Amino acid sequence: MKKLLCLMLVMVMAFSLVACGGTTTTTTPAPAASEAPAENEGGEVEVDPAEFLKGKTIRVVIGSTSVTGDTYLTSDLVTRMISEKYECNIKVDPIGAGRALEEIVTVKGEDTIMMFHDMTYLGVLFGAYDEEDYKLENMIVGASYGFNPGDSFSAVASAPYDTIAELGQWMSENPTETVRLAVEAGGVSQLGFNAIYMWISETYGEEIAANLKAFVTGSTDEKLQALWDGNCQGIYAAASAVEEYTLDGVDDQLKLKVIGLMGGSIEGKDWPTFEEQGIAIGGTPFVFTKEYIACYGLGASKEFVAAMDAAFEDVCNSTEYIEAIEALGYKAQCLTSEEVNEHIYNKRAEMAAVIANCPSFDDLVG
């Protein structure tokens with residue numbers, strides 16, 4: 001099952017892309033697992049996690065300063081369950097992306113790990129963090145413990161379009177209008193913005209796409225306030241964070257509608273996905289799912305990585321964990337460090353092509 005899930009996730013990411021100007025680009029192949037740095041491989045080590053982890057104190061740094069966002073909620077959930085099951089003490093420290101990356105590439109021992117998501121490599125691809133210092137090769141990529149099915153863009157309920165595809169058509173029919181989408185720089189939301197920009201450019205031309213601008217801001221609360229204040233016309237946010245504003249009975253001034261999910265559909269919701277709308281680059285549907293991963297310093301032993309792999313596998317496959325993470329709006333996933341290494345390196349290469357083929361983000365901010 002794990003291998004099947006990994007295969008499906010890799011397959012949906014494997015696509016060739018077309019540059020904004022219409023030039024065909026072939027994605028550079030990602031390194032296979034055997035090409036990843038030797039120190040990034042956990043190795044075939046048999047470890048009893050109950051014996052190895054008992055009594056250990058481990059600090060988990062995360063790439064967020066919020067204790068209400070997806071990064072904190074998912075990492076806190078899985079580490080609490082691991083702590084309880086294996087009688088160790090794992091505490092989440094929300095210190096933010098820059099500090100978390102700095103910690104994990106400089107830590108010498110096994111008392112600190114990082115739990116984050118795709119921004120681990122997207123921040124480097126976008127130039128927010130120095131490649132030489134913070135590339136994946138400077139850490140051990142560990143297990144995956146979940147994914148977010150709800151990476152989405154939303155608009156106010158009164159907007160004259162219900163989907164991103166309709167947004168593009170509306171822009172083509174109103175060529176003097178500027179549309180701003182609130183995103184954070186250097187992460188998943190910027191990636192989604194790039195995909196929308198590239199699709200509009202290919203579909204309606206660069207002149208129309210130039211009217212799509214990024215409104216750069218921070219947390220979901222800040223994005224929502226920017227939307228309600230009229231500073232932007234749409235926002236990126238986890239669907240679970242905005243769902244309450246889509247329900248019947250919400251004040252008209254606050255009510256939202258989800259206009260596009262970057263990944264797959266969500267059971268019980270009629271929110272449209274990018275793929276269903278025909279949002280594609282070079283004729284190939286754009287699909288992206290944000291996955292949560294654990295990362296270790298290069299000094300971590302194979303025994304420690306193997307013990308954590310086993311702990312993640314045990315907890316993430318439990319009914320208790322699956323029900324708890326789904327109640328938060330996310331999905332359980334259990335991929336070992338070996339499986340994640342191959343997958344994430346491939347994913348990084350695919351996303352590098354999306355980013356390389358789009359104009360400088362500085363030119364898209366307005």
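Residue numbers count from 1 along this sequence. Just so you know, these numbers come straight off a predicted model, no measurement behind them.
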Do [X] and [Y] touch side chain to side chain, with heavy atoms closer than 4.5 Å?
X: Leu364; Y: Asn194; answer: yes
X: Glu276; Y: Leu261; answer: no
X: Ser64; Y: Tyr72; answer: no
X: Ser301; Y: Glu110; answer: yes
X: Met119; Y: Thr71; answer: no

side-chain hydrogen bond (donor to acceptor under 3.5 Å, both in side chains) with [X]: which residues, sequence neighbours excluded?
X: Asp93; value: Arg59
X: Lys91; value: none
X: Lys213; value: none

query = Is Arg348 salt-bridged to Glu137, cutoff N-O under 4.0 Å?
reply = yes
Hydrophobic cluster membership, [X] vs [Y], 4.5 Å side-chain cutoff:
X: Tyr161; Y: Met262; value: yes
X: Trp228; Y: Val183; value: no
X: Val188; Y: Ile355; value: yes
X: Leu256; Y: Leu181; value: no
X: Met198; Y: Leu167; value: yes

query = Does the pair Ile82 and Cys88 meet the rule for a side chain to side chain contact (heavy atoms under 4.5 Å, CB included), with working shown?
reply = CA-CA 8 Å; Ile82 290 175; Cys88 53; 4.3 Å; yes
Could you pull out the closest heavy-atom pair between [X] and [Y], with the gap in Å?
X: Tyr197; Y: Ala209; result: CE1-O, 3.2 Å
X: Ser337; Y: Asp309; result: OG-OD2, 2.7 Å
X: Ile279; Y: Ala165; result: CD1-N, 4.2 Å
X: Pro149; Y: Gly329; result: CD-O, 3.7 Å
X: Ala300; Y: Val305; result: CB-CG2, 4.4 Å
X: Gly283; Y: Ala280; result: C-CB, 3.9 Å

Who pairs with [X] by side-chain contact (heavy atoms from CB on, under 4.5 Å), at least two apart in sequence or on another chain?
X: Glu267; answer: none
X: Val47; answer: Val45, Phe52, Glu303, Ala306, Ala307
X: Asp270; answer: none

message = Would you say CD of Glu131 has more than 12 non-hydrogen atoms from neighbouring residues, nucleotides or ligands within 6.0 angstrom?
response =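 Open.
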message = Apply side chain to side chain contact (heavy atoms under 4.5 Å, CB included) to residues Phe361 and Val216 and explain how you reach the verdict.
response = CA-CA 10 Å; Phe361 194 59; Val216 180; 3.7 Å; yes
task = Quick one: which residue pairs count as a ring pair (Phe, Tyr, Trp, His ring centres under 6.0 Å) with a foot in residues 295-337, not counting sequence neighbours?
result =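 As it turns out, the ring pair (Phe, Tyr, Trp, His ring centres under 6.0 Å) pairs with a partner in residues 295-337, which skip direct neighbours, are Tyr145-Phe312, Tyr296-Phe304.
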ask   = Can you pull the ring pair (Phe, Tyr, Trp, His ring centres under 6.0 Å) pairs that have at least one residue in residues 105-133, sequence neighbours excluded?
value = none
Can you check whether [Y]'s main-chain N or O pairs, donor with acceptor, with [X]'s side chain at less than 3.5 Å?
X: Ser172; Y: Gln169; answer: yes
X: Ser144; Y: Tyr292; answer: yes
X: Gln277; Y: Thr163; answer: no
X: Gln225; Y: Glu222; answer: no
X: Asp111; Y: Thr57; answer: no
X: Asp118; Y: Gly187; answer: no
X: Glu202; Y: Gly282; answer: yes
X: Asp229; Y: Asn231; answer: no
X: Ser152; Y: Ala237; answer: yes
X: Gln233; Y: Ala159; answer: no

task = Using the salt bridge (charged side-chain N to carboxylate O under 4.0 Å, His left out) rule, collect all pairs that involve residues 179-190, keeping only residues at least two apart or in two chains.
result = Glu184-Lys223
task = Can you run down the salt bridge (charged side-chain N to carboxylate O under 4.0 Å, His left out) pairs that involve residues 149-175, sequence neighbours left out, and say none if there aren't any?
result = Asp151-Lys290, Asp162-Lys257
What is the distance from atom [atom1] of [X] to atom [atom2] of [Y], rounded to the nearest 0.5 Å?
X: Asn317; Y: Gln333; atom1: CG; atom2: CD; result: 11.0 Å
X: Asn211; Y: Asn174; atom1: CG; atom2: CG; result: 10.0 Å
X: Glu342; Y: Leu335; atom1: CD; atom2: CG; result: 11.0 Å
X: Lys269; Y: Glu243; atom1: NZ; atom2: CD; result: 3.5 Å
X: Leu53; Y: Glu51; atom1: CG; atom2: CD; result: 10.5 Å
X: Ser154; Y: Leu224; atom1: OG; atom2: CG; result: 8.5 Å

task = Take Ile200 and Ile208 through the test side chain to side chain contact (heavy atoms under 4.5 Å, CB included) and record every step on the way to the result.
result = CA-CA 7 Å; Ile200 292 176; Ile208 298 300; 4.0 Å; yes
key: Contact list for residues 244-256, test side chain to side chain donor-acceptor pair (under 3.5 Å), sequence neighbours left out   = none
query = So which of Leu227, Val156, Val179 actually passes side chain to side chain contact (heavy atoms under 4.5 Å, CB included) with Cys232?
reply = Leu227
inquiry  = Going by the rule ring-ring contact (aromatic ring centres under 6.0 Å, His included), which residues pair with Phe153 if we only count those two or more places apart in sequence or in a different chain?
reply    = Tyr236
query = side chain to side chain contact (heavy atoms under 4.5 Å, CB included) between Phe274 and Ile196: does it pass, once the steps are laid out?
reply = CA-CA 9 Å; Phe274 276 41; Ile196 296 170; 4.0 Å; yes
query = Is it the case that Thr68 and Ser66 place a side-chain donor and acceptor less than 3.5 Å from each other?
reply =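 Yes, Ser66 and Thr68 have a side-chain donor paired with an acceptor closer than 3.5 Å.
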